[in-house]
Amino acid sequence: MIEMHYSKKLSEEVRQKFKEHYAEDFGLLFSPGRVNVIGEHTDYNSGFVMPGAIDKGIYCAFAKNNLNSIRMYSLDFEQELILSTDQTEPVDIQWANYILGVFAILRDKKLEVSGFDMVFGGDIPIGSGLSSSAALENAAGFALNQLFDLQLDSITLAKVGQQAEHEYAGVRCGIMDQFASALGKEDHVLQLDCQSLEFEYIPADFGEYQIVLFNSKVKHSLAESEYNARRATCEEGVRLLQKSFPEVKSLRDASLEILEKQRQEFSLETFNCCSYIIEENERVRKANKALKKGQLQKLGSLLFASHWGLSEKYHVSCDELDFLVDLATEHPAIIGARMMGGGFGGCTINVVKKATKENIIDEFQKAYHAKFQIELESYEVRLSKGTHLINSQNYE
Ligand code: GLA
């Protein structure tokens, strides 16, 4: 069992800032980012995903302030913002919207929340596709739940975070990121049915292999608008299918057979998007079995197939990500790789032979730099527990 370790430096900075700006007494929590082994863009189609929370995340100190204000400080942006607890509209500062959004949604649910202070800082590289925004939404939800004794469970808090993303950040995301960050378990991934929200933990045992992330360090500006556009395309696909198959409520209920039967109704683009989603749901089911049986080669091939579906049918990849997955495909010590998250940049997830990991990282950095003149970053993440309180004993 790998011990969870926290960043002493970050948590100390958060504590210090809180004392400097607000008060001596506060709670301290850790809210993780996430990886996703397989099941991409399936969450908002009521399908299946296989994410896990990681040991990179957000450290957050929080307390009530008995004022009618929300006082927030971001260490990463070195910026403070004070808002009235009556504020309803999103503000110009994006990081603040994740906190404000969660607060406002809880208040709109007629839950008794009032003024509070929050200082946070994290080690999830922004724009890397590791869900720093979900980690922050969950941090806010967890803190408010504690402070005002709201008695909300983790799934409800994850849903509140998702709603904040929709209403305060304008991204019509699925539930995967908030769910994984809230409910993660050490050394496990979770397979989630995004329709019923039933889930199971699967031991993340990759044998002589391990997960390595490569951060392309690009984030193409299309990401958010294209994300919402893909969601709309899938919804359009469901409407077209319903003309002959009214029982289809989401692409999760569809099969390649009925899609084929209805083909004449579809544009090529919508057809491809829908067939990608149907195939990806099937891949998650297969990956579940492969991981449980320790069939890692099989799992790896499913990851490659997922990537090329995302790239060639769903069109959410980019040159940098395709290049990294091409390199991985040719590499004898990598058995699977794909882009991860919404796409248009961020990280790839790779299943890499532990023994040769250092060489691989080096080779990838050189090749990526030669091609794009960008310093590739690599991360070896541990699967961690979902958003939780921390105390001083656990620091590294
Ligand atoms: C983003 C969204 C998630 C999910 C992924 C793609 O991370 O926040 O809900 O849709 O993209 O799988």
Side-chain angles (χ1 to χ4, degrees), residues 31-54 56-57 94 97-98 101 124-138 155 158-184 189-195 197 199 213 215-216 219-220 222-235 250-252 273 276-281 283-284 287 302-303 306-307 309-311 313-318 321 338-349:
S31 190
R34 65 103 188 88
V35 288
N36 184 24
V37 175
I38 195 159
E40 218 64 90
H41 288 270
T42 43
D43 61 349
Y44 55 82
N45 286 300
S46 302
F48 300 94
V49 292
M50 200 194 281
I54 57 175
K56 283 184 181 297
Q94 189 58 2
N97 282 327
Y98 299 120
I124 308 175
I126 290 172
S128 61
L130 301 178
S131 296
S132 53
S133 61
L136 183 53
E137 287 148 2
N138 282 349
I155 297 185
K159 287 186 189 163
V160 170
Q162 180 194 20
Q163 196 182 336
E165 188 89 28
H166 287 197
E167 294 173 10
Y168 284 78
V171 181
R172 296 183 61 220
C173 66
I175 189 71
M176 171 170 76
D177 303 348
Q178 291 80 7
F179 200 99
S181 166
L183 285 108
V189 290
L190 57 87
Q191 178 166 325
L192 171 66
D193 175 337
C194 299
Q195 181 165 282
L197 297 189
F199 65 101
L213 308 178
N215 185 357
S216 68
K219 186 78 199 163
H220 295 290
L222 289 170
E224 283 172 10
S225 59
E226 288 294 304
Y227 184 92
N228 290 343
R230 285 308 170 282
R231 185 169 179 150
T233 301
C234 292
E235 287 164 359
S250 69
L251 290 178
R252 179 246 183 72
C273 281
Y276 161 76
I277 296 292
I278 295 168
E279 287 164 352
E280 182 76 348
N281 277 328
R283 280 191 284 266
V284 182
L302 292 164
L303 265 65
S306 167
H307 180 80
L310 286 159
S311 178
K313 288 187 163 183
Y314 213 66
H315 297 297
V316 289
S317 187
C318 58
L321 294 170
R338 55 178 209 87
M339 55 149 275
M340 197 177 69
F344 301 100
C347 289
T348 61
I349 180 168

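Counting starts at 1 for both ligands and their atoms, following the listed order. Numbering of residues begins at 1 and proceeds along the displayed sequence.
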> Enumerate the atoms of ligand 1 whose separation from the nearest heavy atom of Gly174 is less than 4.0 angstrom.
9 (O)
> Using a 4.0 Å heavy-atom cut-off, which part of Arg34 comes near ligand 1: side chain, backbone, both, or neither?
side chain
> For Gly341, counting its heavy atoms only, list the atoms of ligand 1 lying under 4.0 Å from any of them.
6 (C), 11 (O)
> Using only atom types and a distance under 3.5 Å, with no angle test, would you say the side chain of Arg338 pairs donor to acceptor with the backbone of Ile349?
no
> Donor-acceptor check, side chain of Ser31 to backbone of Ala135, threshold 3.5 angstrom: yes or no?
yes
> Around atom 9 (O) of ligand 1, find the nearest protein heavy atom and jot down its residue, atom name and distance.
Asp43 OD2, 2.5 Å
> Nearest 0.5 Å, please: how far is NZ in Lys159 from CD in Gln178?
12.5 Å
> What distance do Arg34 atom CZ and Asn138 atom CG have between them, rounded to the nearest 0.5 Å?
12.0 Å
> In Å, rounded to the nearest 0.5 Å, how long is the span from NE2 of His307 to OG of Ser317?
4.0 Å
> Nearest heavy atom to atom 6 (C) of ligand 1: which of Glu40, Arg231, Arg172 does it belong to?
Glu40
> Have a look at Ser133, Gly342, Gly343, Gly346 and point out the one with the heavy atom closest to atom 11 (O) of ligand 1.
Gly342
> Counting distance only, does the side-chain N/O of Thr42 pair as donor-acceptor with the main-chain N or O of Phe48 below 3.5 Å?
yes
> Starting at CG of Leu130, measure out to CG of Asn36 and round the result to the nearest 0.5 Å.
11.0 Å
> For atom 10 (O) of ligand 1, what's the nearest protein heavy-atom neighbour? Residue, atom name and distance, please.
Tyr227 OH, 2.5 Å
> Please identify which atoms of ligand 1 are closer than 4.0 Å to at least one heavy atom of Cys173.
2 (C), 8 (O), 9 (O)
> For atom 7 (O) of ligand 1, what's the nearest protein heavy atom and its distance?
Asp177 OD2, 2.8 Å
> Between Tyr227 and Tyr44, what is the ring plane arrangement, given parallel below 30°, perpendicular above 60°, and tilted in between?
perpendicular
> Enumerate the atoms of ligand 1 whose separation from the nearest heavy atom of Tyr44 is less than 4.0 angstrom.
10 (O)
> Nearest to atom 5 (C) of ligand 1, what protein heavy atom do you find, and at what distance?
Met176 CE, 3.8 Å
